[in-house]
Every structure is written in structure tokens, then in C-alpha cells.
Amino acid sequence: MSWLLALPFLIPIGTALATFSARARHPLCGALSVLGCTILLIIAVTIILLVEQNGPIAAQMGDWEAPFGITLVADRLSAIMLLISAIVGLCVSLFALSDIDKNRVTLGFHSFFQLLLAGVCGSFVTGDLFNLYVWFEVMLIASFALLVLGGERVQLDGGIKYVALNLISTLLMLTSIGLIYGLTGTLNMAQLHISLAAVNNPVAVSALAVLFIAAFGIKAAIFPLFFWLPASYHTPPVAVTAVFAGLLTKVGVYTLIRTFTLIFPNDPGFTHNILLGTALLTMLTGVLGAAAQYEFRKILAFHIISQIGFLVLGLALNSPLALAGSVFYIVHNIVAKTNLFLISGTVQRLSGSFELSEIGGIYKASPLLSTFFFIAAFSLSGFPPLSGFWAKLLLLKASLDQTAYLVAAVILITGVLTLYSMSKIWAEAFWKPDPTGDCSDLYTLSLPERLQRLLPVAFLALVTLGLGLLPEPLINYALATASELLEPKDYLDAVLKPESIQSMGNR
Amino acid sequence: MEGPLAIVVGILIATGVYLMLARDLLHYLFGLVMISNAANLAIFITGRLTRASPALIPEGLEVPPMPVANPLPQALILTAIVIGFGLLAFTLALIAQAYKVLGTLDVDTMRIAEPRKIKRKASP
């Protein structure tokens with residue numbers, strides 16, 4: 001059992017080492033990366049089946065009992081995040097085979113990509129705050145390398161801004177971890193749930209909560225801490241942007257959800273109101289920023305920010321339905337967003353540009369690709385019967401249940417403006433006649449390249465469609481996740497021995 | 001001892017933030033170094049500074065016979081210093097490379113990834 005929970009990060013680290021030694025041998029290196037992601041997917045499926053059957057599972061590393069050693073935990077939220085990360089990893093690693101040039105592969109692209117996955121998966125399974133910091137650093141340094149790999153001028157420029165702002169988040173996180181240790185004497189998240197409730201110092205606890213919001217907020221790109229994202233996400237190769245867009249900011253959201261349901265659940269009037277305000281502003285600024293852009297990837301980058309607002313909104317509303325909405329939304333959004341970026345890469349391959357004014361006629365050149373884009377884009381703006389519709393519906397219902405009409409209005413307005421941006425891309429890139437006349441169709445690409453570019457896109461589009469047509473299993477799973485997050489008794493039982501919970505409760 | 005050290009942390013962070021607000025990237029990096037040291041010092045203080053003995057258990061005993069200093073924050077700092085060193089080294093290398101390629105350290109002139117609208121109109 002204990003090894004199973006360590007495998008989600010051990011496999012990518014192993015794959016990273018293997019691909020690094022094979023980085024000069026091109027077909028082999030890429031194949032290893034795809035193989036590693038496939039194994040990761042199998043492990044993620046095993047974990048989610050186990051968790052679904054037995055409730056949260058925990059593993060004490062090195063056999064050190066809970067508050068003293070590092071605990072790995074997988075509950076429903078971790079399990080679904082692992083699964084979806086493994087899916088994104090597999091799709092992007094397949095896409096990267098044709099998208100990443102030889103020079104970057106030789107420089108170690110696949111190794112950094114796997115290290116990034118290790119950091120992401122490690123953050124999802126850890127039950128210890130300091131260990132979370134370490135996984136964040138693994139993820140961060142790998143993302144730095146991926147972002148500037150290749151060393152183009154525009155990459156360096158975007159990279160500097162990305163690095164500068166993310167390092168501040170790291171330092172904030174480190175400081176707040178130090179302070180929370182000073183206040184409670186523990187860093188185990190399950191024990192913090194108990195110990196922090198017993199701390200009789202509301203000012204210090206509130207200050208810590210705000211520090212954590214700022215630290216994870218920069219990672220998650222919430223308002224007004226998102227400026228690193230639109231400055232850098234359009235600069236690296238598409239495969240890199242796709243995995244960043246799918247996973248990086250969502251790890252920030254995951255930690256926000258984890259922290260504010262498990263560690264700081266006691267003062268929702270204060271913390272969750274801050275989250276609510278930032279969530280609404282994030283949704284609006286993101287979508288308005290996107291409306292002003294005319295570059296394919298910049299529009300999508302601003303929409304990441306806007307969607308982050310929805311994810312945080314579910315947490316801020318703090319009801320079972322709203323949290324379930326957040327969980328559903330994360331799954332839907334990771335799939336749709338990654339897919340849109342992958343499609344943007346193929347569009348650029350066909351037309352030679354990301355600028356909407358220079359692209360056109362993709363629908364004529366490749367109806368299949370256009371269909372996939374249509375599914376992903378209209379799912380993002382919340383069209384029935386696609387997955388985004390159910391995600392938005394859950395959040396809308398949750399806000400109306402709490403008579404939060406302003407929140408409901410913002411959800412609807414953001415939805416309409418998302419539709420505006422998506423139809424802008426549709427009309428400009430896919431519908432209008434080709435302005436330059438040199439747009440090639442898919443059949444000019446070699447068969448392997450066509451497969452490598454289309455298979456991941458087709459699969460993700462099918463997932464979006466499937467979640468839209470058969471949403472019930474995921475909605476039920478999300479509701480179970482939400483009740484598990486709001487009543488973390490099973491999580492505590494899995495991590496801590498029953499007698500230690502008792503004794504801490506008595507103190 | 002916690003009081004004076006807390007003030008030192010405050011001074012380090014204030015100086016660091018002041019440096020980071022400069023447009024020059026090297027100033028930013030020095031500010032970052034200061035704040036990173038301030039964060040480490042803050043963790044150190046949270047372990048409480050006492051004159052207690054080192055955290056060693058004599059042979060034959062299960063627990064130390066007298067109060068001992070808390071060794072955990074020091075282990076945390078050690079990890080944080082190593083990670084911080086790696087990140088700062090990367091940042092320095094990145095800044096050096098950016099200076100070579102872009103020819104400037106002034107962030108206000110670094111507009112390649114996000115060109116100003118007016119400039120783009122001037123050269124279509």
C-alpha cells in the first residue's frame with residue numbers, strides 16, 4: 001500500500017532519468033516519455049479505484065508514525081486530480097513527439113516534462129505542508145527550464161517575468177509554513193486541522209490564512225496576482241503551454257481547496273469572503289482581458305485566469321454543492337483547456353501563425369480539427385450538452401441556493417463574454433477565408449505526425465463530450481468529494497491513529 | 001532573543017522589497033536573496049531560541065532527560081537553503097542570459113513578449 005502512493009511521483013522521476021540518458025536518441029527518448037505517462041495513468045486508475053472503494057488511504061514514509069514523518073494521502077480529490085494529470089501528461093507527451101523540435105529534445109525536454117509531472121503528482125498526494133513546498137519547488141524549477149528551453153528572445157523575456165513573480169510566491173509560502181509551525185508545532189495537514197482549531201489567537205490565524213491565500217493565489221493566478229501568466233504563457237512551444245495551462249495553475253487551486261477545507265475551515269466569514277471577492281474579480285478581469293486580445297494563445301491564456309475564478313468561487317461559496325461544482329469544473333476545465341492549446345498548436349502548424357488576423361480557412365482545410373475545436377471551445381463557454389454546461393450549472397445552482405444573486409450574475413456575464421471570445425476565434429481562424437492563401441491542410445503532414453497531433457485532441461474532445469452527455473458519474477463523485485472535504489473525519493482517521501486524535505481533542 | 005531577531009527579519013524584508021521594486025533585474029535578485037534569508041531566519045525563530053541542550057538522547061534512554069532544543073526547524077531551513085540556492089543560481093543564470101540576448105536589465109524596456117500596441121501600429 002505504501003509504495004502505491006509513492007509511485008505517482010517515483011514513476012515520472014524514473015522516466016525523467018531514463019529520458020535524460022537517452023536524450024540524444026530521438027525516437028527512443030519520446031517513446032520512453034509516452035511509456036512513463038502510460039504507467040502513470042495505470043497507477044492513477046488503480047489509486048482512484050482503491051479510494052472509491054475504501055475511502056482515503058494513507059502511507060507513512062519510512063514507517064514514521066503520522067505527525068513525525070511525511071505522510072502520503074490520497075482521498076477522492078487527490079485521486080481525481082492524479083487521474084486527470086496522468087491523462088493530460090499522456091496526451092501532451094504524445095503531442096510533444098511532433099511539436100518539440102530536435103534541438104529541445106536533445107536539451108532534455110522530456111526529462112523536464114516528466115519532472116514537472118512528478119512535482120504535480122507529488123503535490124497531490126502529500127499530506128505534509130513542508131513536503132508540499134518541496135514538490136512545489138520541483139514543479140517550479142522544471143517549469144522554469146521548460147519555459148526558457150531553446151532560449152529564444154521572446155522566451156527569455158516571458159521567462160524572466162514568470163520566474164520573478166513565482167519566486168515571490170515561493171518565499172511567501174515558505175514564510176507562512178514557518179509561521180504555522182511556530183503557532184502549532186506541526187506541519188502534518190491532518191494534525192493541523194485539529195491543532196489550529198485549538199489555537200486561541202485569532203489575529204495570528206487570520207494573518208496566516210491571508211499569507212496562504214497570497215502564496216497559493218500567485219500560483220493559481222487569481223486577481224490581482226496573475227500578471228505572470230499572460231506575460232509568459234504564449235512564449236514557449238505549444239506542448240509546454242498546454243501542460244502548463246492544464247496543470248500548473250490547477251495545482252494552486254488544489255492547494256487552496258485543500259488548505260481552506262482542511263487547515264483553515266473555522267473562519268469562513270473572513271477567509272472565504274476574501275476568496276469570494278477575488279474569485280469574482282478574477283472571472284471578470286480574465287474574460288475582459290481575453291476580449292482585448294487578437295492572438296490565439298493570448299486569448300486562451302486570459303481565459304485560464306477567468307476559469308480559475310470559477311474554481312475558487314466553488315471553494316468560496318463553501319457549500320457541498322459549490323465544492324462539487326469546483327471539482328467538476330476542474331476536471332472539465334483541465335481537459336478542455338489542454339485541448340484548446342493543443343489545437344492552437346496544430347492551427348499554427350497549418351497556417352504558420354498565432355495571430356488571428358493572419359489565420360483563416362481552417363474549417364475548409366480541416367473540418368475534423370475544427371469540430372474538435374468547436375467541442376472544446378463551446379464546452380468552455382458552457383454550452384449544453386457539453387461538460388462546461390454542467391460545471392457552470394452546478395456553480396450557478398449553488399450561488400442561487402445561497403441567494404447570492406450578484407455571484408450568479410457574474411457567472412452568467414462571464415459565460416457570455418467567454419462565448420464572445422470563443423466565437424471570435426471561431427469566426428477569425430476557422431470560418432473566414434484564408435487571408436494569406438498559404439494555409440495547408442492536414443494531409444500535407446506525414447501520417448505519424450497527423451496521428452500524434454490528432455489522437456490526443458480527439459481523445460480529449462471525446463472526454464469533454466462524454467462528460468457532457470453522461471455527467472452523472474462525475475457529479476456523484478464530485479458530491480462525494482465535497483462531503484469528504486467538508487467532513488474530513490475519514491481523512492483524519494486514515495492519517496492519524498485514533499488515540500492521537502482523541503488526545504489532541506482533549507487538550 | 002526572539003524579539004531582536006524578529007526585528008532583523010523585518011529589516012531584511014523591508015530592504016529586500018525596496019530592492020525588488022527597482023527596475024534593474026540585478027537589484028531585484030539581491031532583494032530576493034535578502035527576503036529568502038529573512039524567510040529562513042523566520043523559520044529558525046519559530047523553533048524558539050532557548051539555551052536548552054542539544055537534541056541528543058543518551059544511551060539506554062527513550063526520551064531526553066531534560067528539555068532540548070527543537071531540531072526540526074533547523075532541518076527545514078537546511079532544505080530551504082539548498083532549494084533556495086538552486087533557484088537563485090538558476091535566476092542569476094537566466095538574468096545573465098537575458099542580458100546577453102536582450103542587451104538590457106531594465107524591465108521597462110523588456111517588451112518583446114508583450115509588445116506595446118503603439119509600436120506594433122508603427123511597424124505593421
Side-chain angles (χ1 to χ4, degrees), chain A residues 67-68 129-131 133-138 140-142 144-145 147-148 151-168 170-187 227 230-236 292-295 298 301 355 357, chain B residues 2 9 13 16-17 20 25 28-29 31-48 70 72-73 75-77 79-84 86-105 107 109-115 117 120 124:
Chain A
F68 302 110
L129 265 186
F130 197 80
N131 195 234
Y133 163 77
V134 174
W135 287 123
F136 263 64
E137 296 316 289
V138 172
L140 203 60
I141 198 87
F144 288 174
L147 195 57
V148 298
E152 289 166 21
R153 282 165 62 90
V154 62
Q155 277 185 298
L156 285 172
D157 187 64
I160 289 253
K161 288 153 196 169
Y162 178 86
V163 169
L165 289 175
N166 272 287
L167 283 179
I168 297 176
T170 297
L171 291 176
L172 278 177
M173 183 176 171
L174 187 59
T175 314
S176 26
I177 287 174
L179 294 180
I180 208 169
Y181 179 77
L183 207 56
T184 59
T186 180
L187 288 172
F227 292 102
S232 60
Y233 266 32
H234 59 285
T235 59
Q293 298 296 328
Y294 277 92
E295 205 250 34
K298 281 189 188 170
E355 289 291 338
S357 56
Chain B
E2 280 92 352
V9 172
I13 289 191
V17 169
M20 284 171 115
L25 273 176
Y28 166 85
L29 184 68
L32 201 66
V33 174
M34 286 200 156
I35 296 189
S36 125
N37 283 329
N40 290 339
L41 198 55
I43 301 179
F44 184 62
I45 304 172
T46 57
R48 306 293 187 276
N70 186 349
L72 187 73
L76 297 183
I77 295 173
T79 318
I81 287 177
V82 174
I83 293 177
L87 287 178
L88 291 173
F90 179 88
T91 315
L92 184 61
L94 180 67
I95 289 175
Q97 184 65 21
Y99 182 64
K100 248 199 260 170
V101 175
L102 307 174
T104 176
L105 284 180
V107 280
T109 54
M110 290 190 178
R111 305 285 305 195
I112 302 168
E114 295 171 286
K117 279 272 153 62
R120 210 164 50 180

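The chains referred to below are lettered A, B, ... by the order of the sequence lines, with proteins before strands, and numbering in each begins at 1. The structure presented is a predicted model; accordingly, all values stated were derived computationally and were not measured.
Only the side chain of A/Leu187 comes within contact range of chain B, judged by heavy atoms closer than 4.5 Å. For chain B, the nearby parts of A/Phe144 are the backbone and the side chain; heavy atoms of each come within less than 4.5 Å. Of the atoms belonging to B/Ile95, heavy atoms from both backbone and side chain fall under 4.5 Å from chain A.
Applying the side-chain contact (heavy atoms from CB on, under 4.5 Å) test between A/Leu174 and each of B/Ile83, B/Ile35, B/Thr79, B/Ile43 identifies B/Ile43 as the sole match.
Considering all non-hydrogen atoms of both residues, A/Ile160 and B/Ala98 come closest at CD1-CB, 3.7 Å. Pairing each heavy atom of B/Met110 with each of A/Lys161, the nearest pair is O-NZ, 2.9 Å. Across A/Gly178 and B/Thr46, no two heavy atoms sit closer than the pair O-CG2, 3.1 Å.
In B/Phe90, the CZ atom is crowded: over 12 heavy atoms of neighbouring residues, nucleotides or ligands sit closer than 6.0 Å.
Considering CZ of B/Arg111 and CG of A/Asp157, their distance stands at 9.0 Å, rounded to 0.5 Å. Atoms CD1 and CD, on B/Ile112 and A/Glu152 in that order, are 11.5 Å from each other to the nearest 0.5 Å.
At a threshold of 4.5 Å between non-hydrogen side-chain atoms, the residues B/Leu72 and A/Phe130 do not count as touching.
Checked by atom type and distance alone, the side chain of B/Tyr28 pairs as donor or acceptor with a backbone atom of A/Ala164 at under 3.5 Å. With hydrogens and angles disregarded, a donor-acceptor distance shorter than 3.5 Å links the side chain of A/Arg153 to the backbone of B/Val101.
Your options are B/Leu76, B/Thr91, B/Ile77, B/Leu102, and the one with the most heavy-atom pairs under 4.5 Å with chain A is B/Leu76.
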Requested in this report: Just do the side chain to side chain contact (heavy atoms under 4.5 Å, CB included) check on B/Leu32 and A/Leu171 with the steps written out, would you?
Outcome: CA-CA 9 Å; B/Leu32 201 66; A/Leu171 291 176; 3.8 Å; yes

